J.: 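My questions all concern the structure below.
Just so we're clear, the structure is a prediction, and the values are computed from it rather than from any experiment. Just so it is clear: chains get the letters A, B, ... in the order the sequence lines come, proteins before strands, and each one is counted from 1.
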Amino acid sequence: MLNKPSIPKGTRDFLPAEMAGRNYIFQTITNVFSLYGYTPIETPAMENLSTLLGKYGEEGDKLLFKILNSGDFLSKVPSGEYFRDSNKLSFKICEKGLRYDLTVPFARFVAQHKNSLTFPFKRYQIQPVWRADRPQKGRYREFFQCDVDVIGSNSLFNEIELGQIIDDVFTGLNVSCDVKINNRKILAGIVDLVGESGKFNQIMTAIDKMEKAGRENVIMELRDKGLSSESIEKIMSFIGITGSNKQKLNSLISMLQESEAGVKGAEEVEFLFNNLEKLDLQNDFTFDVALARGLDYYTGTIFEVKAKDAEIGSICGGGRYDNLTEMFGLPDVSGVGVSFGADRIYDVMIQLNAFPRELLTTTKLMFTNFGEKEAAFSLSVLEKVRKAGVSAELYPETVKMKKQLSYAHRRHIPFVALVGETELKEQLVTLKNMETGTQEKISPAKLIEKLTS
RNA sequence: GUGGAUGUAGCUCAGCAGGUUAGAGCGUCAGAUUGUGGAUCUGAAGGUCGCCGGUUCAAGUCCGGUCUUCCACCCCA
């Protein structure tokens, strides 16, 4: 029995119409990346599991796709306990995994190739990543990330540049966004002042839900995690701060006086905003104390971008990581970068109808096919048209005009050249404008002139 | 990973309390004096009712399982 063809949960095929949109996004993004001097790299789809594990937090480890060892993978596993714990067993029989993001493989790449790189190293990387998450709208198991990172520089000018890149990309894509910025040092300072440093990660994931779940739920979650009422109240007084970016920063700096890290973080954010303000940015940049982000490796600035007019999670996110390459044997190299989620950006742009109409057009001119002799003449004109840089094609079969024109119509081909018996005799073509419906009989030279002007 | 929904023609959905040939709209294809699309009219094709199993004389309709998609949680692009 033949089963219906299918693909794994959370993966997708892309039709030509979808690829047009996706490539438009990739092109816009790469153009911006190279405009700022970033160069591309690629890394393998799979990494050694040891490279991936322990970088994304407990939750992240669970979401890694593991790859079963080849050959007789059970032969080396001691019998007994391993066969009662599938999680434990999985690490025994899987040495490789699919990458979960592009940042960790990048850190590995930098540590591995440090001698061939020039620092500060600016790279971009556009490749798919995989997460064994349960799929939902805007959440896939295979999706593309477009990463830009600078590594080997502590300067906050890198952060400013990333802010500009974010602004340029989304302006170019015609999607208006809220760009939220915070700094992990501020959060560390807060947790420190509260005296709950041991619960840093737990507190992070709780307060990250401020916007989505609301104040009450965050308080409840913190209580569930064993924080005292005083601690909770103190935390809430920090993350509940309101006002303009400047006002929030000012009050925060005074509240954080006792924490060196906290003040440092606030000053970094202040520096960032002071500089961003001077730039001509199209999107909204706001300082959000409740922005935490789940990934373990962030240590400084963190970014998160949401589309203003669409219901979907974040479409871009990132931050600074001071110790990631250290895990691969290269200490004291700080990096910062952001990742654009191409698939979600695509979904947003579909929702907002933000794709330019011309995307649908692949061929500008189609020659109709009236018969062998006429088509042969069309072929000679076609050659010249293409040499002039106009994408054009000949309808391959001699079928009814109705069918040929309807084909052109459906493919959004804007011009059709009708070459029939009379045109062949006169060595002319009838150029039809498919939008207005008007047509005129002109020479091949004139045709090219019209289409290239 | 936890909890909850969904699944009927290419698409969006109907299908009355289980009962004979499963419907509509849109789309597709073919025609409306043989060189003209997007409008109209006529007609046609197209469905293992997600899949497997069970209950029943009888299941798209009930039950169980499974897969998919979606929603919440978790987390994130």
J.: Residues two or more places apart in sequence or in another chain: which of them pass side-chain contact (heavy atoms from CB on, under 4.5 Å) with Arg134(A)?
T.: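 Here no residue qualifies.
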J.: Going by the rule salt bridge (charged side-chain N to carboxylate O under 4.0 Å, His left out), which residues pair with Arg320(A) if we only count those two or more places apart in sequence or in a different chain?
T.: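 Testing Arg320(A) for salt bridge (charged side-chain N to carboxylate O under 4.0 Å, His left out), a comparison that skips the adjacent residues, returns Glu159(A).
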J.: For residues 368-382 of chain A, pull every pair meeting side-chain hydrogen bond (donor to acceptor under 3.5 Å, both in side chains), keeping only residues two or more places apart or in separate chains.
T.: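 Listed by first then second residue: Asn369(A)-Thr398(A).
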J.: Please work out the stems of RNA chain B from pairs that are Watson-Crick or G-U wobble with both distances under 3.5 Å, keeping only runs of three or more consecutive pairs.
T.: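 As far as RNA chain B goes, consecutive pairing (with distances under 3.5 Å) yields the stems B:1-5 with B:69-73, B:10-13 with B:23-26, B:28-32 with B:40-44, B:50-54 with B:62-66.
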J.: List in chain and number order the residues that pass salt bridge (charged side-chain N to carboxylate O under 4.0 Å, His left out) with Glu142(A), two or more places apart in sequence or in another chain; answer none if no residue qualifies.
T.: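 Partners of Glu142(A) under the salt bridge (charged side-chain N to carboxylate O under 4.0 Å, His left out) test: none.
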J.: Applying the 5.5 Å / 30° rule, does Phe144(A) stack onto the base of rA77(B)?
T.: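 Stacking between Phe144(A) and rA77(B): absent.
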J.: With the threshold set at under 4.0 Å for non-hydrogen atoms, list the residues of residues 432-444 of chain A touching RNA chain B in residue-number order.
T.: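 Of all residues in residues 432-444 of chain A, the ones placing a heavy atom under 4.0 Å from RNA chain B are Lys432(A), Met434(A), Glu435(A), Gly437(A), Gln439(A).
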J.: Taking only residues at least two apart or on different chains, which pairs with a member in residues 33-42 of chain A satisfy salt bridge (Lys or Arg N to Asp or Glu O under 4.0 Å)?
T.: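 Qualifying pairs: none.
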J.: Under the salt bridge (charged side-chain N to carboxylate O under 4.0 Å, His left out) rule, collect the residues that match up with Asp343(A), sequence neighbours excluded.
T.: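 Applying salt bridge (charged side-chain N to carboxylate O under 4.0 Å, His left out) to Asp343(A) gives Arg12(A), Arg22(A).
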J.: Taking side chain to side chain donor-acceptor pair (under 3.5 Å) as the test, write out the residues that go with Ser153(A), two or more places apart.
T.: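 So Ser153(A) forms a side chain to side chain donor-acceptor pair (under 3.5 Å) with Asn158(A).
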J.: Can you see if the side chain of Lys306(A) gets near the phosphate of rA77(B) - specifically, an N or O under 4.0 Å from OP1 or OP2?
T.: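 For rA77(B), neither OP1 nor OP2 has a side-chain N or O of Lys306(A) closer than 4.0 Å.
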J.: Which protein N or O atoms sit under 3.5 Å from an N or O of nucleotides 28-34 of chain B?
T.:
{"from": "rC29(B)", "atom 1": "OP1", "to": "Arg410(A)", "atom 2": "NH2", "distance (Å)": "3.0"}
{"from": "rA30(B)", "atom 1": "OP1", "to": "Lys403(A)", "atom 2": "NZ", "distance (Å)": "3.4"}
{"from": "rG31(B)", "atom 1": "OP1", "to": "Lys400(A)", "atom 2": "NZ", "distance (Å)": "2.5"}
{"from": "rG31(B)", "atom 1": "OP2", "to": "Lys400(A)", "atom 2": "NZ", "distance (Å)": "2.7"}

J.: Which parts of residues 373-384 of chain A get close to RNA chain B, meaning a heavy atom less than 4.0 angstrom away?
T.: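 Within residues 373-384 of chain A, no residue comes under 4.0 Å of RNA chain B.
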J.: What are the atom names and distances for every N/O pair under 3.5 Å that joins the protein to nucleotides 68-70 of chain B?
T.:
{"from": "rU68(B)", "atom 1": "OP2", "to": "Lys9(A)", "atom 2": "NZ", "distance (Å)": "3.0"}
{"from": "rU69(B)", "atom 1": "OP1", "to": "Gly10(A)", "atom 2": "N", "distance (Å)": "3.1"}

